[in-house]
There are 4 protein chains.
Amino acid sequence: MLEGNRGTGVAARRSATRRVPRQERSRRRVEQILDAASRLVLERGVDALTTRAIAEAADVPVASLYQYFHDKEDILLALVERDRAEMDEQLLADLAGIDELSLPALVETAMRAFTKVYARRPAFVEIWLRGRDNPAIRERGREHSVEIASNLLQFAEAAGLLSHDVPPKIALLAVEVGERVFQLAYAQDLEGDQELVEEGIRMVSGYLAPYSR
Amino acid sequence: MLEGNRGTGVAARRSATRRVPRQERSRRRVEQILDAASRLVLERGVDALTTRAIAEAADVPVASLYQYFHDKEDILLALVERDRAEMDEQLLADLAGIDELSLPALVETAMRAFTKVYARRPAFVEIWLRGRDNPAIRERGREHSVEIASNLLQFAEAAGLLSHDVPPKIALLAVEVGERVFQLAYAQDLEGDQELVEEGIRMVSGYLAPYSR
Amino acid sequence: MLEGNRGTGVAARRSATRRVPRQERSRRRVEQILDAASRLVLERGVDALTTRAIAEAADVPVASLYQYFHDKEDILLALVERDRAEMDEQLLADLAGIDELSLPALVETAMRAFTKVYARRPAFVEIWLRGRDNPAIRERGREHSVEIASNLLQFAEAAGLLSHDVPPKIALLAVEVGERVFQLAYAQDLEGDQELVEEGIRMVSGYLAPYSR
Amino acid sequence: MLEGNRGTGVAARRSATRRVPRQERSRRRVEQILDAASRLVLERGVDALTTRAIAEAADVPVASLYQYFHDKEDILLALVERDRAEMDEQLLADLAGIDELSLPALVETAMRAFTKVYARRPAFVEIWLRGRDNPAIRERGREHSVEIASNLLQFAEAAGLLSHDVPPKIALLAVEVGERVFQLAYAQDLEGDQELVEEGIRMVSGYLAPYSR
DNA sequence: CATGAATGAGGTTTCATTCAT
DNA sequence: AATGAATGAAACCTCATTCAT
């Protein structure tokens with residue numbers, strides 16, 4: 001599930017031995033910026049993510065942003081990438097922990113994995129679900145859905161859960177519908193309406209049932 | 001399913017005998033502006049909807065926009081309102097034409113009604129589904145989904161299609177999921193992937209089946 | 001004390017016998033507009049005097065303003081002229097009513113005459129004292145002070161109140177200082193601080209005393 | 001007589017060894033802008049003080065104004081503050097240089113101190129006396145008069161020049177009348193009519209005489 | 001005469017990015 | 001590497017005035 005340094009316009013070029021080596025300081029600064037950006041997105045929406053605002057929130061000069069990122073879009077993408085990676089990890093870990101594999105179990109596990117990440121990283125909700133107006137995010141979001149769908153499909157096939165060939169399109173539909181369920185469930189507050197999540201799990205499970213072996 | 005002239009800052013006030021009466025000319029101009037805005041949203045997204053861009057596309061001075069609309073948001077809302085009204089009409093008409101009422105038939109009819117509107121008004125997809133970043137649109141979009149869900153629920157209850165009380169939340173979830181299906185189906189091209197639409201109809205029907213009488 | 005139709009870009013052109021003759025209707029409309037403008041200036045200052053605001057307040061189409069006035073400045077000037085005329089009348093009337101003529105009595109009578117007008121026409125304070133930023137008003141204000149100074153000087157000379165020739169400049173200074181006294185006295189509230197007015201009368205009287213016969 | 005860096009949105013932060021240090025260059029630019037603004041106000045009045053006009057006159061991009069000032073009002077206030085500070089300094093210096101203290105000497109010295117500043121900074125006349133329409137300036141102007149009146153009163157009391165308690169209102173009236181004298185004296189040309197100034201000094205002195213010890 | 005409609009000109013402010021140091 | 005300063009471009013909106021009817 002790819003490693004994703006796309007979006008980071010900075011190359012680690014390190015030089016010598018210092019107390020706090022360049023590379024390390026740089027990494028910290030990047031985190032500092034991304035954290036600030038994350039906070040901003042969460043609090044005020046994607047549109048409020050101006051360079052000035054990020055810089056202020058991160059307590060970094062505006063010009064310095066361009067030391068670590070190529071442009072504003074780059075920051076946004078890096079932000080997304082960071083959360084996305086965490087999402088993938090969580091998904092992978094939870095899938096590995098399933099006791100009795102079945103298609104419904106797969107669906108439920110995946111969806112619950114996402115809710116865990118949402119709980120930890122509320123900015124994700126904001127960006128992923130509401131920030132879709134931004135072309136870069138929209139594009140990246142679509143890609144990610146495709147990836148997840150593909151990965152889950154592969155996983156299910158490998159585990160012998162499917163009765164026959166399932167077109168990628170179907171898997172993608174399931175993933176995207178799942179996302180919308182989250183969108184609705186997390187629209188009101190950032191805790192998420194768990195009842196709706198349950199309904200969503202039922203819907204997607206039910207939809208995929210015919211493909212189950 | 002209200003008529004919705006909200007968002008139109010122009011009032012039809014006088015009439016008179018003229019070749020092209022004032023009122024008429026005014027209406028035309030409003031359409032001209034909305035069409036242009038619609039085109040822009042479709043081509044470049046909601047963020048590209050600047051007053052300047054609209055004015056240029058509509059071949060109208062920027063200042064003239066403010067003859068017909070109170071501010072930029074007003075334009076956006078009028079745009080939405082126009083499509084929304086058409087959607088409601090189509091839905092109403094098609095529901096009235098159903099032969100054998102049943103919950104699945106209801107779902108299918110409703111979803112197909114929407115596809116008809118999408119075909120006629122592609123900008124709708126863009127605004128409704130992708131323009132959600134804009135606070136005004138987001139708010140209005142949410143309202144509309146609630147309305148549709150509520151109307152369909154009432155319709156189904158009145159027709160005795162439901163076995164027991166269905167919480168509004170469930171209906172809303174179904175509507176929103178339906179929207180996402182369309183989003184995906186219409187993502188690639190504006191003709192819409194009909195296969196995906198069929199899948200979506202199956203998914204939503206299946207989901208609601210337990211509530212069917 | 002001049003007649004002052006300057007500023008009124010409208011010519012009375014009347015035509016025939018009607019219930020409410022043109023001329024009359026026109027005059028009414030002009031008053032209506034001036035009253036509205038007066039109100040606006042009073043409430044929101046000279047800068048808020050936009051054509052749109054005037055039109056709205058007067059319940060008259062914006063375009064119609066141009067039937068009665070040449071341009072916006074014309075309205076402002078007409079406004080000033082109206083109050084100015086009233087001021088002159090009051091001054092004249094009160095001067096005529098003085099029992100025992102003397103220079104101090106003249107000063108006191110004049111200043112009290114102005115306070116009467118201020119009480120009746122609070123917009124005057126706003127325009128005359130605060131609206132000086134507007135070049136037209138500034139110019140007109142200067143003219144008016146010169147007129148008043150000249151008239152009072154003539155009056156005093158005719159009444160044999162002066163011991164010797166008083167340069168116009170001196171009279172003007174006295175008038176302008178008097179105005180500033182009012183400015184200060186009426187700065188806080190529109191009722192005017194009468195104590196300050198008394199002080200002002202004493203100051204100006206004292207200043208002119210050396211010229212008294 | 002505070003030092004008044006209010007209105008200056010720029011903070012001097014660092015310094016270093018450079019031919020023309022940052023700080024210095026910044027200060028110059030601020031002066032450049034204020035000088036341009038001053039010129040504009042003088043030539044065309046406060047209303048002509050648009051950001052565009054200032055930028056043009058200062059030969060600086062409009063956007064750069066916002067490097068040094070928070071908004072347009074900030075420029076105006078900085079302008080006022082600059083002149084105001086100079087006025088206070090002059091007043092203080094001249095008061096300190098009085099040989100034989102007396103109330104008339106105090107009045108004369110103060111008024112002559114102002115004429116010195118007017119001679120050096122003609123824009124002051126424009127802003128202070130004619131720009132009062134602007135709310136920010138009006139407010140600041142009022143404050144300043146109160147300050148000067150209060151300071152002079154204190155000074156006179158400390159020097160034992162007053163026979164009994166003089167209400168602040170009286171001092172304020174004297175100061176404001178003095179200002180109007182200047183307004184008139186400097187109305188025609190910027191050299192100022194010295195004869196009128198003399199008259200003004202006499203008037204104010206005479207007015208305050210009763211309070212003299 | 002009356003006026004709805006139209007508009008060129010201009011208003012202030014913010015933005016993302018680059019540059020000189 | 002770091003950053004204060006600089007800025008072209010663009011954002012939305014309002015204004016006074018004119019014109020066609």
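Quantities reported herein were computed from a predicted structural model and do not represent experimental measurements. The sequence lines fix the lettering, A, B, ..., with proteins before strands; numbering per chain opens at 1.
Rounded to whole angstrom, the span from the CG atom of D:Asp74 across to the C1' atom of E:dT14 amounts to 16 Å. Across the protein-nucleic acid pair, A:Tyr68 atom OH and E:dA16 atom C1' stand 19 Å apart, rounded to whole Å. One interatomic measurement links the two molecules: CZ of B:Arg25 to P of E:dA5, which rounds to 8 Å at whole-angstrom precision. Put simply, CD on A:Glu56 is 12 Å from P on E:dA16, counting in whole angstrom units. Distance, A:His70 NE2 to E:dA16 P: 15 Å, rounded to whole Å. Rounded to whole Å, the distance from CG on C:Asp59 to C1' on E:dT3 is 13 Å. Between the CD1 atom of B:Ile54 and the P atom of F:dA11 there is a distance of 11 Å, given to the nearest Å. The distance from atom CG of A:Asp47 to atom P of F:dA11 is 14 Å, rounded to the nearest whole Å.
For C:Val62, the side-chain contact (heavy atoms from CB on, under 4.5 Å) partners two or more places apart in sequence, or in a different chain, are C:Thr51, C:Ala55.
Separating the CG atom in D:Leu77 from the NE2 atom in D:His70 is a distance of 12.5 Å, to the nearest 0.5 Å. Atom CG in A:Leu65 sits 11.0 Å away from atom NZ in A:Lys72 (nearest 0.5 Å). The distance from the CD atom of A:Glu81 to the CG atom of A:Asp74 is 10.5 Å, given to the nearest 0.5 Å. Note that CZ of B:Arg29 is 8.0 Å distant from CZ of B:Arg25, once rounded to the nearest 0.5 Å. Taking CG of D:Asp59 as the reference point, atom OG of D:Ser64 lies at 10.5 Å (rounded to 0.5 Å).
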Would you write out the dot-bracket form of DNA chain E, 5' to 3', with Watson-Crick and G-U pairs under 3.5 Å, [ ] for crossing pairs, | for pairs to other strands and . for unpaired bases? .||||||||||||||||||||
Give the table of side-chain donor-acceptor pairs shorter than 3.5 Å for residues 33-42 of chain A, with sequence neighbours excluded, one pair per line with atom names and distance.
from    : atom 1 : to      : atom 2 : distance (Å)
A:Asp35 : OD1    : A:Arg82 : NH1    : 2.9
A:Asp35 : OD1    : A:Arg82 : NH2    : 3.2

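In this structure, A:Thr51 reaches the bases: a heavy-atom distance under 4.0 Å links it to at least one base atom across the strands shown.
Between A:Asp71 and D:Asp71, the residue anchored nearer the 5' end of DNA chain E, judged by the nucleotide with its closest heavy atom, is D:Asp71.
Taking side-chain N and O atoms only, D:Arg52 has a distance below 4.0 Å to OP1 or OP2 of E:dG11. Within the 4.0 Å cut-off from OP1 or OP2 of F:dA1, not a single side-chain nitrogen or oxygen of A:Tyr66 is found.
Taking the side chain as every heavy atom from C-beta outward, D:Arg27 and D:Glu31 approach each other to under 4.5 Å.
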For nucleotides 7-9 of chain F, which of its nitrogen or oxygen atoms have a protein nitrogen or oxygen under 3.5 Å away, and what is each distance?
from  : atom 1 : to      : atom 2 : distance (Å)
F:dT7 : OP2    : D:Arg29 : NH2    : 2.8
F:dT7 : OP2    : D:Ser64 : OG     : 2.9

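Taking each heavy atom of A:Ala53 and A:Ala48 in turn, the nearest pair found is CB-O, 3.8 Å.
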